[in-house]
Amino acid sequence: MNTEVPTEPETIPFDPAARNLGVAVGYDGSENAEAAVRYAADIAARRGTSLTVVTAYRTPIPVYANPAALQAWKEDKAHQQVAESLLEKAAGLLAEHSGKVKYVTVDGDSVGALAEISAKAQLIVVGSRGRGGFLGLLRGSVATSLPAHATCPTVVVPSTPLPSRSAPVLVGADLSSHSRVAALQAAQVAKDRGSPLFVVMALPRFDRGGTWYPEPLDEADRRTERRRQELQEILEAEIRWLAKQVPGIKASGEVRIGEPARVLRDAAESAQLTVVGSRGRGAVASTLLGSTSREVLHEADGPVMVVPYLEDERVDIEEEVTAESDGS
């Protein structure tokens with residue numbers, strides 16, 4: 001039997017002003033990576049921060065025989081030159097970008113390189129698919145591995161046309177501290193874009209999975225609806241708290257009945273960006289990326305932002321939320 005007691009993960013220190021790489025984006029020359037560069041440039045421009053374009057190459061493992069060592073050195077130089085030519089191509093994409101841009105080549109595997117970069121970035125953007133050498137084969141390689149290891153929010157951008165800016169920014173909530181951090185990040189994105197914010201909370205049905213003596217389905221439905229109404233009041237108090245922390249946003253929300261991943265996937269169909277915490281209340285303590293986050297990341301059609309458990313002093317203001325939810 002597993003006797004592990006789930007614990008709240010440690011927060012990651014996060015001071016945007018100290019993260020001098022601003023908005024970082026991984027680039028491998030693919031069409032999807034080009035979409036990621038444009039997406040990242042737009043965010044950097046709206047935030048008034050710098051943009052850092054990163055590409056990685058892997059140095060061949062040297063061997064000790066002199067001819068082989070010379071060949072490895074030549075391959076290393078060739079890979080480095082390819083990386084530099086990719087950054088020149090990225091510079092062409094950013095010819096009309098008026099903000100500060102930094103171009104960086106990194107020797108290492110793609111996930112490790114970008115995870116290291118994330119410690120100095122406010123946000124990191126990658127395409128959902130790449131050539132295979134830098135951004136992986138399919139959504140599920142770098143696109144799903146990086147969010148589990150990054151120490152800043154990660155946005156995964158698909159190759160499909162991006163949703164309308166009039167669509168809301170969507171964030172999933174479960175009332176955990178980690179969820180509040182994700183909601184604050186989502187609210188800031190919505191404010192930057194002048195877009196509405198929609199907060200959705202999932203409530204699984206009481207009759208899911210059955211019981212030894214199952215109650216009638218109509219009674220289970222009534223219990224589920226009563227609980228949904230209770231949670232709706234709590235969620236509305238949470239939204240009022242969120243609006244105080246990020247003034248100027250237009251936020252609304254709804255508790256919807258269903259499994260969290262399904263509820264978020266369905267809501268994401270009408271969102272310009274879906275935001276989730278890397279872990280929620282149901283995650284095992286040792287899990288790097290929660291099941292709901294993974295499922296949304298794999299199956300959502302539009303951009304997805306995964307937010308790790310960042311340090312944010314505003315999240316400590318929980319008494320205010322509780323008081324408002326009690327009607328005081």
Side-chain angles (χ1 to χ4, degrees), residues 39 43 125 128 139-140 143-144 147 153-176 178-206 208 221 224-225 227-243 245-246 249-283 289-308:
Y39 195 94
I43 296 174
V125 182
S128 60
R139 191 187 302 228
T144 48
T154 303
V155 178
V156 178
V157 180
S159 56
T160 54
L162 298 180
S164 168
R165 286 291 174 81
S166 61
V169 173
L170 171 71
V171 61
D174 64 9
L175 302 181
S176 65
H178 192 163
S179 169
R180 289 192 178 100
V181 171
L184 288 165
Q185 291 289 323
Q188 189 59 54
V189 172
K191 182 176 181 178
D192 292 342
R193 297 185 176 183
S195 303
L197 176 71
F198 188 74
V199 186
V200 66
M201 182 185 298
L203 172 64
R205 292 176 57 87
F206 279 106
R208 65 177 179 135
D221 288 342
T224 301
E225 178 56 25
R227 182 55 179 158
R228 192 199 69 79
Q229 292 176 9
E230 292 170 358
L231 286 176
Q232 183 68 37
E233 293 181 6
I234 295 172
L235 180 60
E236 289 172 0
E238 190 84 3
I239 291 171
R240 291 193 294 271
W241 171 83
L242 189 60
Q245 310 310 314
V246 186
I249 61 168
K250 181 180 179 181
S252 60
E254 184 179 6
V255 178
R256 296 182 178 178
I257 297 172
E259 296 301 316
R262 174 61 63 86
V263 166
L264 275 170
R265 288 203 317 270
D266 290 347
E269 292 179 359
S270 58
Q272 63 168 284
L273 173 69
T274 301
V275 183
V276 292
S278 57
R279 290 195 285 176
R281 287 189 181 277
L289 196 64
S291 59
T292 298
S293 305
R294 281 199 307 272
E295 193 165 341
V296 172
L297 197 54
H298 274 288
E299 299 190 19
D301 292 329
V304 176
M305 175 192 284
V306 180
V307 181

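Computed from a prediction, not measured in an experiment: that's the story for all the values here.
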Euclidean distance, Ile43 CD1 relative to Arg193 CZ, rounded to 0.5 Å:
5.5 Å

Run the salt bridge (Lys or Arg N to Asp or Glu O under 4.0 Å) test against Glu269 and tell me which residues pass, sequence neighbours left out.
none

When you measure from the side chain of Ser179 to the backbone N and O of Asp174, does any donor-acceptor pair fall under 3.5 Å?
yes

I need the minimum non-hydrogen distance between Ala271 and Leu170, along with the two atoms involved.
CB-CB, 3.7 Å

What are the two closest heavy atoms between Val171 and Ala186, and how far apart are they?
CB-CB, 3.7 Å

Contact between Lys250 and Pro168 at the side-chain level, heavy atoms closer than 4.5 Å - yes or no?
no

Val246 and Ala187 have their tightest heavy-atom pair at CG2-CB, 3.8 Å

Under the criterion side-chain contact (heavy atoms from CB on, under 4.5 Å), which of Leu197, Val296, Val169 is the partner of Val275?
Val169

Can you list the steps and then say if Leu162 with Val157 is a side-chain contact (heavy atoms from CB on, under 4.5 Å)?
CA-CA 8 Å; Leu162 298 180; Val157 180; 4.0 Å; yes

Gap separating the CG atom of Leu203 from the CD atom of Glu230, nearest 0.5 angstrom
9.5 Å

What pair of heavy atoms forms the shortest contact from Ala173 to Val199, and how long is it?
CB-CG1, 3.6 Å

Roughly how far, to the nearest 0.5 Å, is CG of Leu264 from CD of Glu259?
11.5 Å

Report yes if the side chains of Ser195 and Ser166 come closer than 4.5 Å at any heavy-atom pair, otherwise no.
no

Approximate separation, where rounding is to 0.5 Å, of Ser128 OG and Asp301 CG:
10.0 Å

Answer yes or no: is there a donor N or O on one side and an acceptor on the other, between the side chain of Ser293 and the main chain of Gly277, under 3.5 Å?
yes

Side chains of Glu225 and Ile257: does their closest heavy-atom pair fall under 4.5 Å?
yes

Determine yes or no for a side-chain-to-main-chain donor-acceptor pair under 3.5 angstrom, with Gln232 supplying the side chain and Gly253 the backbone.
yes

Supply the atom-to-atom distance Asp221 CG to Arg205 CZ, rounded to the nearest 0.5 angstrom.
4.0 Å

Please round to the nearest 0.5 Å and tell me the distance separating atom CZ of Phe198 and atom OG1 of Thr274.
11.5 Å

Atom CZ of Arg262 with >12 non-hydrogen neighbours under 6.0 angstrom:
no

A side-chain contact here means heavy atoms from C-beta on lying under 4.5 Å apart; do Leu175 and Met201 qualify?
yes

So, the side chain of Gln272 versus the backbone of Pro163: is there a donor-acceptor pair under 3.5 Å, distance only?
no

Side chains of Gln229 and Glu233: any donor to acceptor distance under 3.5 Å?
no

Of Gln245, Glu238, Gln185, the residue whose pairing with Arg180 passes side chain to side chain donor-acceptor pair (under 3.5 Å)
Glu238

Taking all non-hydrogen atoms of both residues into account, name the closest pair between Leu242 and Leu184 and its distance.
CD1-CD2, 3.6 Å

Do Lys191 and Gln188 come within less than 4.5 Å of each other through their side chains, counting heavy atoms only?
yes

Identify the two heavy atoms, one from Pro196 and one from Ala190, that lie closest to each other, and give their separation to 0.1 Å.
O-CB, 4.2 Å

